[in-house]
Structures are given as C-alpha cells and as structure tokens.
Amino acid sequence: MDPQSIVLCTPTPWPYRASMDITPLDEPRVPNALALLTDLGLPAEEAVVLHASNTLTLRLRPADVVARIAPRDRAGDLAVELERAEALQAVGAPVGPPDPRLAPTVHLRGEHAITLWEHLPARDREEMPPAEFADSLAALHTGMRALDLPVPPLADRVGHALDLLRDPERTPALAAAARSLLQETLARLAERAATGGPQQILHGEPHPGNVLDTPSGPRFIDLETFCRGPVEFDLAHAPAEVAAHYPGHDPALLEDCRTLSLAIATTWRFDRQDTFPDGRAIGEAWLTEVRARVEE
C-alpha cells in the first residue's frame, strides 16, 4: 500500500468529548483501518480524523466510510452499538446507520476492533433549528420505546461517579466540601430521576456533538451511552432552546436532570486518570456552576 495521508480535522467542540493529536508515526489504528477497507474491496487512500479518544473515529476516503476503532477488548461494546443501530433503524428512528455496502460486524485487526458506518453529508447551515432538534429527539425516544434491549439504569452511571467520589486516591484534587456537595447532589437527584417520570431507554448523551445535521434530517450517533431513565435526562444534554419544542416534558424534572448531568460530568473531570484537555480547570468551573444550581 502506498503511504497514506492523515488529515487532521477539529472535532466538534463539546465539553464531554476529549480529543488528542493523531500522527501517522504514533497511531497504528489509522493504517489498520485503511488496510481493512482495502481488504473488503473498497478504495482507501486517506483518513480524516473526526474524533479522537479511546474510540477513534475516522472518515476513510474515497470510499467515504466512517470507521470507529477501539481496543480489541472493547469489541463487545462495538457489537452492542451495531445491534442498537440496526434495531433503531428497523423502527424508523433517526440514527446514523452502518455502511449499507458492508455486513454490519465487528472486525478484529490485531489489537483493535473496528466497525464501519455510512458517512452522512452535513447540511450547509450554521446550526440546527431547536424545533428540528426536538422533533428528532422525540422521534428517537419513540423508536426506543419500541425496543426490548438490555440497557442499564441511569443509576448505574451515577453509581460510577459516586465510586470515584468515595475514593480520594482517585479524586485527590477535590476538597472535602466539594466532595460532599457532589455526593449529596448525585444521590438526591439520582433518586429524583428514578421516580420523577416514566422510565425508558435513552441515548444517554444526545448533545450536539452526537447529532449529525444531514440533508435527510438529524441523525443521532455514538450509541454506546444508552441508559434507562426519564426523557428529561436526554433533553438536559440538548441546547436549552430545544426544551420549548419537546412535547410533554416536566420542566422541573428537566432542571434537576441538568444539574444531575453536570454533577456527573464534573466528577469525571476530577478523576486523576481523566485526559480531557484542561479538564481540571473545566471541572472547577463546572463545580462552581453545580454549587450555584444547588443553592438556587
């Protein structure tokens, strides 16, 4: 194979998504994905990095395939994401689909697991109208209510955050008062989310970075984050203007879910193993916001 070109793109800015620099010299996942596509009979001459973290997302050209690449021991997670995408497609929910030219499967290549998805073009506009975002999120939730899939409760995600807070060695930069604030907020609002409204399958993180604005309408991606809870928890991740267009939600529960989501994300920023750029500074800013919301 001829030397391939690696094109760097700026990932969609969003506080929950980390990024890292990718170079051809220190990133074996890129040639691995190009070689896989060539073996499958599709042309692969260059890769565009769409998002870089523990799961690397590439656009492979000229075949225009999106590859998601994770460590081999996460092959099961990628398989679950494919299963969810196919199930949601089958009920007409607005999600990014696997590439229709290829069998929807997890490809194991050395130390990596790879799935291949259809590349969807972006609509030529600066932002998605809030009403359109709300309609698509409501359609996603309708589709999810038709599914019978094993999905963990939102309480499990809160429990992981509480585990971090209970272990000062994993969150050494948190002062005692801040640790108590986050623990009490998470415990109280997790109970509120579990009892405040109907429980259903949720996307888990349907923020703008996980929504593609395509000519055929918005499509939700990154389907690894599913949980079970009230629709207000998903709505809490959307821009604030979206809520006015989402039918039948509980405004008070939505505000509590916004605080809950922020408290979870704040806790992650204080994990000593967190690699989010400027994570500590962002965590401090979010902690101030959590405190202000709790004291309102």
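Quick note: residue numbers are just sequence positions, from 1. Scope of the values below: all heavy atoms of this structure, side chains included, with no hydrogens, waters or symmetry mates.
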Enquirer: Provide the closest heavy-atom pair for R123 versus P215 in the form atom of the first, atom of the second, distance.
Expert: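 Smallest interatomic distance, heavy atoms only, reads NH2-O, 3.5 Å.
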Enquirer: Looking at T171 and D271, would you say the former's side chain and the latter's main chain have a donor-acceptor pair under 3.5 Å?
Expert: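 No: the side chain of T171 does not pair with the backbone of D271.
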Enquirer: Could you state the interatomic distance from CG (L235) to CG (L254), rounded to the nearest 0.5 Å?
Expert: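 Answer for the CG-CG pair, L235 versus L254, is 5.0 Å.
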Enquirer: Show me, pair by pair, the donor-acceptor contacts under 3.5 angstrom made by side chains of residues 88-96, not counting sequence neighbours?
Expert:
none

Enquirer: Assess whether atom CD of E111 is packed by more than 12 heavy atoms of other residues, nucleotides or ligands within 6.0 Å.
Expert: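 Result for CD/E111: open.
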Enquirer: Checking side chain to side chain contact (heavy atoms under 4.5 Å, CB included) against L260, which of L262, D256, I264 comes through?
Expert: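 Only one of L262, D256, I264 forms a side chain to side chain contact (heavy atoms under 4.5 Å, CB included) with L260, namely I264.
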Enquirer: Measuring only between side-chain heavy atoms, which start at C-beta, is R68 closer than 4.5 Å to E224?
Expert: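 Yes, close enough: below the 4.5 Å cut-off.
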Enquirer: Keeping R272 on the side-chain end and A173 on the backbone end, is there a donor-acceptor pair under 3.5 Å?
Expert: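 No.
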Enquirer: Report yes if the side chains of L253 and H249 come closer than 4.5 Å at any heavy-atom pair, otherwise no.
Expert: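 Counting from C-beta outward, L253 and H249 never come under 4.5 Å.
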Enquirer: Applying ring pair (Phe, Tyr, Trp, His ring centres under 6.0 Å), name anything that partners F233, two or more places apart in sequence or on another chain.
Expert: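 With neighbours one apart ignored, the set is H237.
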Enquirer: Could you pull out all residues at least two apart from P129 that satisfy side chain to side chain contact (heavy atoms under 4.5 Å, CB included)?
Expert: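 Only R125, E132 meet the side chain to side chain contact (heavy atoms under 4.5 Å, CB included) criterion with P129.
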Enquirer: When the side chains of residues 99-109 are checked against the rest of the protein, which donor-acceptor pairs come out under 3.5 Å, sequence neighbours left out?
Expert:
from : atom 1 : to   : atom 2 : distance (Å)
D99  : OD1    : R101 : N      : 2.8
D99  : OD1    : R101 : NE     : 3.0
D99  : OD2    : R101 : NH2    : 2.9
R101 : NH1    : A63  : O      : 3.2
R101 : NH2    : A63  : O      : 2.8
R109 : NH1    : D39  : OD2    : 3.0
R109 : NH2    : D39  : OD2    : 3.1

Enquirer: Check the orientation of F133 and F220. Use parallel for under 30°, tilted for 30 to 60°, and perpendicular for over 60°.
Expert: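 Because their plane-to-plane angle is over 60°, the rings of F133 and F220 count as perpendicular.
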Enquirer: Quick check against the 3.5 Å criterion: does R61 have a side-chain atom that pairs as donor or acceptor with the backbone of E45?
Expert: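 Looks like no, no N/O pair under 3.5 Å.
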Enquirer: Only counting residues at least two apart or in another chain, list the ones meeting side chain to side chain contact (heavy atoms under 4.5 Å, CB included) with E184.
Expert: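 With neighbours one apart ignored, the set is S180.
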Enquirer: For the residue pair L37 and P43, what are the closest heavy atoms and their distance?
Expert: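 Heavy atoms only, the tightest pair is CD2-O, 4.0 Å.
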Enquirer: Test side-chain contact (heavy atoms from CB on, under 4.5 Å) on F226 and M144; report intermediate values, then the result.
Expert: CA-CA 10 Å; F226 281 19; M144 287 174 159; 3.5 Å; yes
Enquirer: If you round to the nearest 0.5 Å, how far is SG of C257 from CG of L189?
Expert: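 Rounded to the nearest 0.5 Å, the CG-SG separation comes to 8.0 Å.
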Enquirer: Quick one: do E284 and R269 make a salt bridge, cutoff under 4.0 Å?
Expert: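 Not counted as a salt bridge, because no side-chain N and carboxylate O are separated by less than 4.0 Å.
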Enquirer: Looking at H203, is its backbone amide N or carbonyl O close enough to the side chain of T225 to form a donor-acceptor pair, meaning the two atoms are under 3.5 Å apart?
Expert: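 Checking the backbone N and O of H203 against the side chain of T225, a donor-acceptor pair under 3.5 Å is found.
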Enquirer: Can you name the nearest heavy-atom pair linking R219 to L120, along with the distance?
Expert: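 Here R219 and L120 meet closest at CG-CD1, 3.9 Å.
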Enquirer: Measure from the side-chain N and O atoms of Q199 to the backbone N and O of A193, and report whether any donor-acceptor pair falls under 3.5 Å.
Expert: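 Yes, Q199 side chain to A193 backbone: donor-acceptor pair under 3.5 Å.
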Enquirer: Could you tell me whether the side chain of H112 reaches within less than 4.5 Å of the side chain of R29, counting heavy atoms only?
Expert: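 Yes. Closest side-chain heavy atoms under 4.5 Å.
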Enquirer: Any side-chain hydrogen bond (donor to acceptor under 3.5 Å, both in side chains) involving residues 137-150? Give me the pairs, sequence neighbours left out, ordered by first then second residue.
Expert: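 The answer is H141-D234, H141-Y246, T142-R145, R145-Q200.
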Enquirer: Should R192 and E255 count as an ion pair when the cut-off is N to O under 4.0 Å?
Expert: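 A salt bridge is absent here (no side-chain N lies under 4.0 Å from a carboxylate O).
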